[in-house]
Each structure stands twice: as C-alpha cells, then as structure tokens.
Amino acid sequence: MKRIAVFASGNGSNFQAIVNAVKREELNTSITLLVSDKPGAFVIDRAMKEEIPTFVFAAKNYQEKANYEREILKHLKANEVDLIVLAGYMRLIGETLLQAYSGKIINIHPSLLPAFPGKDAIGQALKAKVSQTGITIHYVDAGMDTGPIIAQEAITLSDKETRESIQEKIQALEHRLYPSVIQHLLHKKEVFHQ
Ligand code: GRF
C-alpha cells in the first residue's frame, strides 16, 4: 500500500478529513506520519488520538531550512513515505525536500489559483468582491502556491458572504475533494511522472 505523510501547522481539519476517509475505506493509503512545525498545534492532538506518529519541530531551533528539512527527510525515509500531502503547512518547501520528493508533494489552497496566492486567500477574495472563489489542489514547487494545478472546484459568493460563511463552504469542499484527489493520485502512475 502507498504511504503518505501529512504536513500541517494548525487546526488540522483537512488532516482529520483524510484520516476519516481512510477509516471509511474511501482512501486506500496508510498515513504513516504527521509533520508539524508548530509545537502545540491542535493537529498534533488529532494525530496522537489517531495513533499516527508525529515529527514536531520548531524552525527557530535550526540555523536554516535545509537543516530541519534534512531531519524531516530522515523521518519520511524511515516511514517509507511515497507522497507528501501539505494541509495547512505554513512554510515554503525547500530544495532538500523538493529534490528528494520531486513531483510527489501536493498542497491545497483556499482560492482558485493563480488568484489570491499566499496568506489569507479568503480575506483577499472578500476584499476583491469577486463573485466566485474556490479551492485548488496543486503540485508543490519552490514558489508560493505556484505549482501545476491538479484539481479545482469553485463556489459562488452572494453579496452577503462573511469570512466565516466563505470559510465554511471552502472547508466543506476541501474535506471532500482532498481525500478523493489523493486516492486518485496514489492509484495512478502519473503522480510520480508529472
Ligand atoms: C485550509 O483552508 C487549506 O486550504 C490551507 O490551510 C487551511 C488549513 O485548514 N492551506 P485545516 O488546518 O486543515 O483546518
């Protein structure tokens, strides 16, 4: 069975959606590792409850990105991870991981990329008063939300939307689409031959 690692920095509702999809047998994979750069993040509690091993680090304890990424890489190798799934991981991936897992790192972003990359995509969409926004799942490269797009899904916005109402719709979409895209990628050869 193909094995995945999830990287997350915060609440981890997408991590939980992936775990739940595995339990429901809609996603055939083994989640062998959670990587988090935020000691104390709620996603770590979720992983412990699910008995999924974690590697938690604080970037400030390392001189540079390559140092902690080498450490992450050891854990990925030890757990024989095939695919890295970023789910609210608030850091750019560096050369160490990009080279070791070329074409095997994906991310989910709460906008229709290339619109609204980076932080607070929902706030950016609200401010721009767009009538549609959505979510994007894409391969990860060295840029900020710039890699090749795998899947997108849109939502229509009324003029009464708030940040909370948009977030609710976006997260419902994310929780459905991410597990199904992971399933698709893991069971198709293209994921490893972009
Ligand atoms: C998601 O909206 C995802 O698109 C973005 O970060 C958020 C993570 O939410 N990259 P959660 O921690 O999975 O609840």
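Atoms within each ligand, like the ligands themselves, are counted from 1 in listed order.
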Exercise. Around ligand 1, what residues show up once you keep those with a heavy atom under 4.0 Å from it?
Worked result: N11, G12, S13, N14, G88, I108, H109, P110, Q171, E174

For a quick test of your reading: what N or O donor-acceptor pairs under 3.5 Å do the side chains of residues 36-46 make, sequence neighbours left out?
residue	atom	partner	partner atom	Å
S36	OG	A8	O	2.9
S36	OG	K38	N	3.2
D37	OD1	S9	OG	2.7
D37	OD2	R91	NE	2.7
R46	NE	N11	O	2.7
R46	NE	G12	O	3.4
R46	NH1	Q16	OE1	3.3
R46	NH2	N11	OD1	2.8

Cut-off 3.5 Å, no hydrogens considered: what does the side-chain donor-acceptor table look like for residues 112-133, sequence neighbours left out?
residue	atom	partner	partner atom	Å
D120	OD1	G123	N	3.0
D120	OD1	R163	NH1	2.7
D120	OD2	R163	NH2	3.4
Q124	NE2	P117	O	2.9
Q124	NE2	K119	O	2.8

For this session: For the pair Y62 and F57, name the ring-plane relationship: parallel under 30°, tilted 30 to 60°, perpendicular over 60°.
Result: perpendicular

Exercise. Pick one: which of I93, T146, I105 meets side chain to side chain contact (heavy atoms under 4.5 Å, CB included) with D141?
Worked result: T146

For this session: Establish, from distance only, whether the side-chain atoms of T32 and E80 form a donor-acceptor pair under 3.5 Å.
Result: no

Problem set entry | ILVMFWY cluster membership beyond M1 - transitive side-chain contacts under 4.5 angstrom | none

